[in-house]
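For reference, the structure is listed below as structure tokens.
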Number of protein chains: 2
Amino acid sequence: MPDAAATRGLLLDAARELVAEHGTATSLREIARRAGVGIGTLYRHFPNREALLDALLHANFERLQGRAATLLGSPDPADALLTWLAELASGAATYDGLPESIMSALADESSPLYASCSQMKTAAGLLLRRAQEVGLVRADVTVGDAVALVLGLAWSGGRAGEASDLAARLLTR
Amino acid sequence: MPDAAATRGLLLDAARELVAEHGTATSLREIARRAGVGIGTLYRHFPNREALLDALLHANFERLQGRAATLLGSPDPADALLTWLAELASGAATYDGLPESIMSALADESSPLYASCSQMKTAAGLLLRRAQEVGLVRADVTVGDAVALVLGLAWSGGRAGEASDLAARLLTR
DNA sequence: ACCTGAACACCGTTCAAGT
DNA sequence: ACCTGAACACCGTTCAAGT
């Protein structure tokens, strides 16, 4: 009586370790090996790399989503936006290759990561619009620009504080 | 009587096309195929992907090097730095994956791309120091920071003008 | 239901063999 | 000298076969 839920857990544990060691492009075969499971079993649980990543990052996406909701109610719209973007940057810097994975997912509606990443982008859009309406952030910045910028900063490996500082200088007026 | 120089040219032509189409991580086998040459011949001319990329980018590196020398003599040190960094950004945006390749090369002395990339970094360092000495650019910025930032901006796909604008806001005081 | 692993079509890289 | 392509050790992905 194989326990599918337990198998799934083994796969996610192995994936967490190997993605932490070698980035989001790590070998799926090696994940299956470390989980002590056949390669077919990995595919049975996760149809592709993006689906596995989505499951791996689920908690992080939810946390960021919650933070956006909270910050939307905060009194300083510009600070709320910049705080959230800094948290996005540090989240995207969790794993090597993650900024790339997110950027690709945003450009591919059929990616299993698309829904989660799209929600992030929507959240960013709400925070951005609020800051722009009060005139605290340049009106010519699009959500796409802001997210690409922040992922680019995360990609280039600046510390979170630095990235936040940079984003502030870039977006505010 | 096979002409090695001609073969090399065929390989570089094929590489230019395929790297333009599919980025710096494109298949080396396919490059050999398009060049009408055996895979062993590709390896005989270029021991690995980075060596091929270095040959492909040689003219661009030389041009940037020349621009740095010129700009070092220009009257406005901050403008010279920002102009050069913008040109680096647009150069790095020539091929998909190129910012990644450059960043990796800078972190690996044994890479065939290391020498060229290192020279770029040195040139950036001279321009940066000059701007800092006049107090036009923040003193806490290192060459590594500046280059990583610019490559990150190139990676995230902003237009050249935008990237230049961003770099200016980030570095100047 | 759930899992396995051989099979397929690809890689990058090396190297004996051909001209 | 220069080139070739089989060979090796890896991939991602699928799917018939096992329990």
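Everything numeric here is computed off the predicted structure, so don't read it as measured data. Order of the sequence lines fixes the chain letters, A, B, ..., with proteins taken first and strands second; residue numbering starts at 1 for each chain.
- Under the 4.5 Å side-chain heavy-atom criterion for grouping Ile, Leu, Val, Met, Phe, Trp and Tyr, Phe46(A) is not connected to Tyr114(A) through any hydrophobic cluster.
- As rounded to the nearest Å, dA6(D) and dA9(C) have P atoms that lie 16 Å from one another.
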Secondary structure string for DNA chain C (Watson-Crick or G-U under 3.5 angstrom, | for other-strand pairs): ||.|||||...|||||.||
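- Using a 4.0 Å cut-off on heavy atoms, the residues of residues 37-51 of chain A that approach DNA chain D are Ile39(A), Gly40(A), Tyr43(A), Arg49(A), listed by number.
- Closest approach of Ala92(B) to Ile102(B), counting heavy atoms only: CB-CD1, 4.2 Å.
- When atom types are taken as modelled, the side chain of Glu50(B) and the backbone of Ser110(B) share no donor-acceptor pair closer than 3.5 angstrom.
- In this structure, Thr26(A) contributes its side chain and Gly23(A) its backbone to no donor-acceptor pair below 3.5 Å.
- Around atom CZ of Arg16(B), more than 12 heavy atoms belonging to other residues, nucleotides or ligands sit under 6.0 Å away.
- Atom CG of Leu52(B) is separated from atom CG of Leu28(B) by 6.5 Å, given to the nearest 0.5 angstrom.
- Between Ala32(A) and Gly38(A), the shortest heavy-atom contact is CB-O, 4.0 Å.
- For DNA chain C, the neighbouring residues in residues 8-36 of chain A, judged by any heavy atom under 4.0 Å, are Arg29(A).
- Taking hydrophobic clusters as Ile, Leu, Val, Met, Phe, Trp and Tyr residues chained together by side-chain heavy-atom distances below 4.5 Å, Ile39(A) shares a cluster with Leu18(A).
- Here the CZ atom belonging to Arg34(A) is positioned 4.5 Å from the CD atom belonging to Glu21(A), to the nearest 0.5 angstrom.
- A close approach under 4.0 Å does occur between a side-chain nitrogen or oxygen of Thr7(A) and OP1 or OP2 of dC3(C).
- Following chains of ILVMFWY side-chain contacts shorter than 4.5 Å, one can reach Leu12(B) starting from Tyr95(B), so the two form part of one hydrophobic cluster.
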